[in-house]
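In what follows, a single structure is set out as structure tokens and then discussed.
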Number of protein chains: 2
Amino acid sequence: MNNTRFATVIHILSLLDCNPEEWLSSEWIANSININAVIVRKELGMLQEQGLVISRKGKDGGSQLAKPSTVVMLSDIYALVKNAAILGKKNQNPNPKCPVGKEMNNKLDLLSTEMDALVMESLKNKSLADFSKQFR
Amino acid sequence: MNNTRFATVIHILSLLDCNPEEWLSSEWIANSININAVIVRKELGMLQEQGLVISRKGKDGGSQLAKPSTVVMLSDIYALVKNAAILGKKNQNPNPKCPVGKEMNNKLDLLSTEMDALVMESLKNKSLADFSKQFR
DNA sequence: ACTATATGTAATAATAATTGTTACATATTA
DNA sequence: TAATATGTAACAATTATTATTACATATAGT
């Protein structure tokens, strides 16, 4: 993970959780994160598809959480944005004629899967509510 | 981690461990990984500085492990190449005037540190010897 | 000493991934 | 119908990663 998507998404969700009555606009959210509003809208679109957020168009539109933050786990959020193994990428074409090269990617996959599972298990014990209450 | 450094370095070390009597050249190693030899030499240089490998220049030169693979832990290797937090980067300048923006990066750091420690602890229990014996 | 061969490293190019920007269609409320 | 917000495509800019070229330096064997 060499991108800011987890940070951005958890920031968005924390803002929504801290302002449960409001319909927060993408501009307002973007101003808190200090990034471009289009990026926020893209993440909000993704969060809607996943059922975590509801958005309204038009005047006085904006977004809210679609369900209680107590049932949204950080593992859910991580799974949405994760795009790389913790241990990084494999090399694409190790030499199949070499006994090490031939099996390396299989063995790396095993190790990677184990590390990924470890982190997911830990994040399953943390809710969005736990996280966002730190800001109040 | 969106790069191949862990995969490359553990591949290099596995080859050295599987050929303990030989002085493996960077070209030979590069051929097994199927990447450019200069990249291998850069990693070998780093591994020498860290005391994991010894290299010899000149004809019949090459590299060998500097110590038994039973005492090299995967956590050591991971620490050498890790360049990003597991949960990714933070946004650079969240808005300090927003209660969420103001504290977000501190809280993300806490969470990140916890996840990083989890993975490191697990990798501390795995030696290079454990890993490389899978190829024999 | 000379040749062959290997590391060490700088400089640069190429590629890929990520983030930011502009523009505008569409929807909604008052 | 005016104001305001989302939705999204297209593209630009930036950053990160990997590959390549070139050559200095070291070493072994003849």
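Letters A, B, ... mirror the listed sequences (proteins, then strands); counts begin at 1. As a basis for the values below, the full set of heavy atoms in this structure was taken, side chains included, without hydrogen atoms, waters or symmetry mates.
Residues B:Ser63 and B:Ser55 bring a donor and an acceptor atom of their side chains to less than 3.5 Å of each other.
In this structure a side-chain-to-backbone donor-acceptor pair under 3.5 Å is present from B:Asp76 to B:Met73. Not a single donor-acceptor pair under 3.5 Å links the side chain of B:Asp17 to the backbone N or O of B:Ser69. At least one donor-acceptor pair closer than 3.5 Å links the side chain of B:Asn36 to the backbone N or O of B:Val38.
Put simply, A:Ser26 has a side-chain N or O that comes within less than 4.0 Å of OP1 or OP2 on D:dT6. Between A:Asn2 and C:dA17, a side-chain N or O to OP1/OP2 separation shorter than 4.0 Å is absent. A close approach under 4.0 Å does not occur between any side-chain nitrogen or oxygen of B:Gln48 and OP1 or OP2 of C:dT7.
Atom C1' of nucleotide C:dG20 and atom CD of A:Glu43 are separated by 14 Å, given to the nearest angstrom. Residue B:Ile33 contributes atom CD1, which lies 10 Å from atom P of D:dA19 at whole-angstrom precision. Note: CZ (A:Arg5) to C1' (C:dG20) measures 15 Å, nearest angstrom. Look at NZ on A:Lys89: it is 15 Å from P on C:dT15, rounded to the nearest Å. We find that CD of A:Glu27 is positioned 8 Å from P of D:dT6, with the value rounded to whole Å. Between the CD atom of B:Gln92 and the P atom of C:dT18 there is a distance of 15 Å, given to the nearest Å. Taking atom CD on B:Glu49 and atom C1' on C:dT7, their separation rounds to 14 Å, with Å as the unit. Computed from coordinates, the B:Asn31 CG to C:dA6 P distance equals 13 Å when rounded to whole Å.
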*asked:* Show, in sequence, the C-alpha distance, side-chain angles and deciding distance for B:Tyr78 and B:Leu74, and conclude whether the side-chain contact (heavy atoms from CB on, under 4.5 Å) test is met.
replied: CA-CA 6 Å; B:Tyr78 184 54; B:Leu74 299 194; over 6 Å; no
*After noting the C-alpha distance and the side-chain angles of A:Ser127 and A:Asp130, does the key distance pass the side-chain hydrogen bond (donor to acceptor under 3.5 Å, both in side chains) rule?*
CA-CA 5 Å; A:Ser127 71; A:Asp130 294 335; 3.1 Å; yes
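Residue B:Thr4 is in sugar-phosphate contact alone, with no base atom involved, counting any heavy-atom pair closer than 4.0 Å across all strands shown. Within 4.0 Å of B:Asn91, counting heavy atoms only, lies no atom of the nucleic acid at all.
Residues B:Ala30 and B:Ala37 approach most closely at CB-CA, 3.6 Å, considering heavy atoms.
Ranked by how close their nearest DNA chain C nucleotide is to the 5' end, A:Asn3 and B:Ser63 are led by B:Ser63.
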*Take nucleotides 20-30 of chain D nucleotide by nucleotide from the 5' end and write B, S or -, depending on whether a protein heavy atom sits under 4.0 Å from the base, only from the sugar-phosphate, or from neither.*
BB---BBBS--
